[in-house]
Amino acid sequence: MPTDSSSSSSSKHFDLTRLRPWLESGYLLLTPNQRLARRIKAEWDRLQIAAGKSVWQPVAVKALDHWLQACWQSAIVSGDIEPKTSLSLLQEKELWSKVIAADRQQNGDYRLLQTSSAEDLAKQARGNLLRARVDMQATAVKSEFTLDANCSTFARWLSSFERKITQLGCVTAEDRWQQLLLVAPGADLPKVVLVDFDDLPPLQRSCINHLASAVQELASAAGKATIQARSYADRQQELSAIARWAAQEYQDDPDCSLGILLADMNGDRAPLELLLRREFDSLGDKYNSLPVNFSTGITLDRAPVIRDALRILSVCGETLPMTDLLGLVNSRFTDCNEADSDRVVRLLHQLFDDGEEQLNLGRLRFLSRSVKVGGEQGLAMGERLASCSELRLQRLTQRPSDWVKSICDVLGLWAWPGEGPLDSLEFQQVEAWYKALQEFSGLDSLAGRVNFHAALGMLKRCCQNRISQPQTADSGIQVLGPLEAAGLPFDSIWFCGLQGNRWPAPARPNPFIPMALQRKHDMPHSSSEREWNYASTLTDQYRAACGRFIASYSRQLDGAPEVPSPLLGAFPLEHIEATVLIPEQWLAQASASSLEQNLNAQAPMVSKSEMSHIRGGSGILQQQANCPFRAFASKRLLLEPLGDYRAGLSAADRGSILHDALYVLWGEINDSAALHALGREALDEKIASASAAAINAVPESVRLLVGMHCLDLESQRLQKLITQWVQLELARNPFKVVAREEPIDFKLGELFLSLRVDRVDELEDGSRIVIDYKSGRSSLADWLGERPSQPQLPLYGLAENVQALSFAQVRARDCRMQGLGAVEGIAGVQSDIAKAVKRYSDCEDWSSLMTQWQQNLGKLATDFLAGYAQVDPLPAACNYCGLQALCRVDVSAEEVL
């Protein structure tokens with residue numbers, strides 16, 4: 001093989017120089033993976049054709065696992081091994097799931113945060129023990145497992161698992177290899193060469209020695225390319241450099257052989273693919289033209305067509321995640337093409353207002369069939385949901401094979417996978433779906449009769465364990481994981497992501513096997529020393545199989561500084577500074593384009609016909625003051641952000657409940673005299689009664705969301721809070737409550753407003769004060785200035801012609817009155833107007849302040865009607881707006897240009 005110093009020959013073909021003598025001597029070549037075996041076979045066939053042969057003996061090369069499987073099947077055919085059912089990986093995991101669930105029910109002396117992780121670790125632990133040939137019946141081994149709670153629990157699981165597979169007549173992969181050791185060696189055993197193996201467990205090595213007459217080990221290449229170490233500012237820079245490098249190398253030589261190794265295949269595969277598609281111009285209609293092969297695909301459940309199938313099946317349960325509903329609404333794999341319907345928008349607004357992240361399917365069915373806009377009612381999705389409900393799948397218990405028919409019936413109701421043609425990749429994924437259903441049917445003996453929830457869970461796991469790998473033409477550019485690249489020849493290799501904590505990987509010993517036992521048998525991931533040897537051996541194999549080896553890492557990941565792999569320590573490190581990430585073709589298009597900017601904050605004036613449809617009170621002026629564009633968008637375009645998910649009562653819910661309780665309370669008490677006349681017990685009873693009435697008025701959708709326990713706690717909190725507030729009311733001078741939640745129609749200029757006053761009190765001298773309840777913090781500054789951010793009370797003052805205005809701040813341990821007016825003797829209500837407003841206004845008295853409010857609020861009303869819609873928010877106005885995607889307030893003019 002060529003080295004870094006002599007790379008004249010291309011490595012697009014596998015070099016059989018070191019292997020050919022063994023092949024010609026009749027040896028069987030065993031490889032660590034199927035990919036390497038295919039490359040050797042392909043090169044052997046190419047050489048035979050080049051030699052002019054039309055018929056030749058196939059090359060004797062197999063992947064080790066395939067050879068052992070073939071040996072096991074031959075032993076069964078010859079009668080040397082008793083036939084048993086071979087468990088698939090999914091079946092083995094399902095069996096572990098049943099064993100662990102039964103043990104938890106029987107013992108219950110432990111808790112599992114993630115059951116699926118425990119199943120995987122238990123499966124891994126048993127495999128490690130068998131591959132290391134550890135005798136679990138040995139007294140010394142048993143005693144080691146008793147010293148740790150995790151290990152002793154696993155030992156109990158393991159005993160149960162062994163009994164189960166014996167009863168079922170099943171075997172796992174490791175059991176098959178153990179059975180091979182019991183087969184009497186035949187007379188005609190093959191001679192074997194192990195090619196490019198870095199690590200062989202004792203069980204497999206014993207099988208090879210038992211089934212072969214001679215065993216040799218050989219590396220397919222003997223070069224040692226020099227490592228070119230590089231560092232980049234972050235992972236985006238690193239992946240971008242790789243994509244540019246691959247595109248340039250391919251442009252220079254379309255027959256080149258490039259290997260891109262990703263230390264973090266799961267995290268880096270998707271962003272690298274996007275960057276490669278940009279560099280190779282393989283997006284849109286050219287999607288299938290990318291000359292790159294990826295060694296691993298995505299799990300089947302992540303493929304859009306299969307993901308939507310699983311979402312459809314989820315509607316037969318009791319709840320549905322909001323994200324799944326949004327996916328179904330926008331799916332092109334059903335016949336419910338209503339994403340742009342006004343009724344869908346109305347439905348989604350209602351569901352988001354409910355605040356439930358997990359939707360109750362009964363309510364979803366009702367709303368989706370009853371939602372109405374104009375003369376149109378209901379959605380096709382509602383009919384599908386109703387049809388699914390009529391199947392009554394929640395009441396069934398069936399074997400997995402019987403569930404397949406029910407699953408197909410549900411998908412048929414939604415016309416999955418849709419009416420439109422599927423592309424090649426989607427067609428392959430649908431085929432893989434039916435294979436997953438076949439695998440799911442094979443769980444009958446393990447699962448028995450299960451309910452719908454369990455069946456759907458098993459089907460999802462079937463899809464998660466199956467990889468969707470598109471069938472593509474072979475390519476000279478390969479993106480591989482570290483294990484898959486072992487022994488494969490390339491002109492150049494770029495190994496990405498060599499952080500100090502990634503390569504070598506940190507030790508990850510299995511928690512179910514005693515640490516001393518793992519280190520004694522050198523089990524996978526058991527120690528830092530083992531990980532070091534493993535990583536350095538693989539790195540040497542890569543260097544031996546290429547002419548140029550580039551290794552890179554990111555100096556920073558997720559804001560945290562990183563250090564290079566210690567394996568790069570002996571090589572000079574080149575620090576690559578940040579470069580422009582924008583693709584060159586995009587820059588070329590941008591430089592050739594011209595941008596015309598038209599800044600216009602003037603919307604059409606409100607017409608007479610539109611005036612009759614505008615509804616609102618102080619909120620119109622509040623939004624106009626906080627941001628003119630927001631008032632235009634919400635009151636005239638009728639745009640509102642979707643609500644947020646919540647697990648309990650929101651601040652708005654609590655504020656509404658507080659208002660309702662105080663409304664009921666003062667409806668019974670009426671004035672301060674009646675308040676003073678009440679004894680402590682009578683007052684507590686009235687507060688409790690008012691709180692109960694407010695809680696009972698909570699909308700049913702909110703009650704279902706938060707639950708009765710939450711409302712009980714809120715009732716207790718509310719009673720304590722009102723009790724604190726009443727103490728402040730008891731300290732006031734005599735007053736009488738003359739209005740509660742009173743509606744007021746008010747015309748400000750040409751704008752008609754519908755107001756509602758929380759409370760109006762009449763004092764001893766006949767003057768009146770408007771009180772507005774606030775459960776949050778309040779400030780008089782919110783009333784003042786040309787654009788008062790909280791104009792409700794000033795508007796009430798103009799509408800009612802009162803002598804004082806005040807916030808009633810009802811907060812735990814911070815109850816107070818806070819206001820302005822021309823009356824004396826109310827704590828918190830300032831009568832010295834000039835002093836109170838001097839930082840914001842030059843008004844000297846109440847009358848001049850009212851005049852200023854009339855002017856300022858009148859201008860806001862005039863601006864709103866005139867269509868003034870400038871994006872000009874007050875400092876805190878954007879915090880709870882939700883319309884930033886529309887107004888683009890965060891995008892500066894320079895960024896636009």
Side-chain angles (χ1 to χ4, degrees), residues 2 7 9-15 33-36 38-43 45-46 225 236-266 268-298 303 423-429 467-482 484-497 542 545-550 552 579 581-589:
S7 55
S9 63
S10 173
S11 58
K12 57 182 177 291
H13 301 303
F14 195 95
D15 189 353
N33 55 62
Q34 184 65 14
R35 183 181 292 268
L36 180 56
R38 286 198 300 264
R39 290 291 298 272
I40 294 174
K41 181 181 183 303
E43 179 61 12
D45 292 343
R46 189 190 69 80
Q236 179 73 7
Q237 295 280 347
E238 186 178 4
L239 295 177
S240 297
I242 293 173
R244 288 194 299 271
W245 168 78
Q248 185 62 53
E249 292 287 320
Y250 184 79
Q251 182 179 351
D252 294 342
D253 179 11
D255 292 328
C256 66
S257 175
L258 307 179
I260 301 174
L261 313 188
L262 301 180
D264 182 11
M265 177 65 81
N266 290 333
D268 293 339
R269 183 195 186 282
L272 177 61
E273 180 176 358
L274 176 60
L275 292 167
L276 285 169
R277 290 189 179 281
R278 285 180 178 175
E279 292 293 336
F280 284 94
D281 193 20
S282 297
L283 291 169
D285 295 338
K286 302 177 182 178
Y287 191 84
N288 293 323
S289 66
L290 182 67
V292 179
N293 271 353
F294 291 84
S295 65
T296 58
I298 60 173
D423 62 27
S424 174
L425 177 57
E426 291 165 348
F427 184 81
Q428 294 176 43
Q429 290 165 344
I467 299 297
S468 171
Q469 178 67 33
Q471 299 174 8
T472 57
D474 195 16
S475 172
I477 305 176
Q478 304 281 332
V479 178
L480 310 126
E484 299 154 328
L488 296 180
F490 295 98
D491 291 331
S492 300
I493 289 178
W494 189 317
F495 198 173
C496 162
Y542 306 148
C546 69
R548 181 187 182 196
F549 187 85
I550 304 172
S552 64
T579 56
L581 295 178
I582 302 176
E584 291 184 3
Q585 59 267 35
W586 288 14
L587 290 174
Q589 292 176 5

Reported [atom1]-to-[atom2] distance for the pair [X] and [Y], which is rounded to 0.5 angstrom:
X	Y	atom1	atom2	result
L274	E279	CG	CD	10.5 Å
I493	L480	CD1	CG	8.5 Å
I40	L488	CD1	CG	9.0 Å

Open item on the list: Taking the side chain as everything from C-beta on, heavy atoms only, tell me whether R269 gets closer than 4.5 Å to V479.
Closed with: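 The answer is no; the side chains never approach within 4.5 Å.
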
Open item on the list: Is there a side-chain contact between L261 and P482 in this structure, where contact means two heavy atoms from C-beta onward sitting under 4.5 Å apart?
Closed with: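 A side-chain contact under 4.5 Å is absent here.
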
Open item on the list: Check E273 with R277, please: is the shortest side-chain N to carboxylate O separation under 4.0 Å?
Closed with: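 Salt bridge flag = yes for E273 with R277.
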
Using side chain to side chain contact (heavy atoms under 4.5 Å, CB included) as the criterion, list what pairs up with [X], not counting sequence neighbours.
X	answer
D268	R235, L239, L262, D264, C496
D281	K286
I298	R302, A303, S468

If I compare all heavy atoms of [X] with all of [Y], which pair ends up nearest, and what's the gap?
X	Y	value
F490	G259	CD2-N, 3.4 Å
D491	C256	OD2-CA, 3.6 Å
L276	L290	O-CD1, 3.9 Å
W245	I260	CZ3-CG1, 4.2 Å
C546	A225	O-CB, 3.7 Å
E484	R35	O-CD, 3.8 Å

Open item on the list: Could you go through L275 and Q236, starting from their C-alpha distance and side-chain angles, then the distance that decides it, and tell me whether this counts as side-chain contact (heavy atoms from CB on, under 4.5 Å)?
Closed with: CA-CA 9 Å; L275 292 167; Q236 179 73 7; 4.0 Å; yes

Open item on the list: Let's go through Q429 and E426 carefully: what are the C-alpha distance in whole Å and the side-chain angles of both, what is the deciding distance for side-chain contact (heavy atoms from CB on, under 4.5 Å) to 0.1 Å, and is it a yes or a no?
Closed with: CA-CA 5 Å; Q429 290 165 344; E426 291 165 348; 4.2 Å; yes

- [ ] For the residue pair F549 and F495, categorise the inter-ring angle as parallel (less than 30°), tilted (30 to 60°) or perpendicular (more than 60°).
- [x]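 Aromatic pair F549/F495 classed perpendicular.
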
TODO: Look at the side chain of E238 and the backbone N and O of G497, then say whether any donor-acceptor pair between them is shorter than 3.5 Å.
DONE: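 Yes.
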
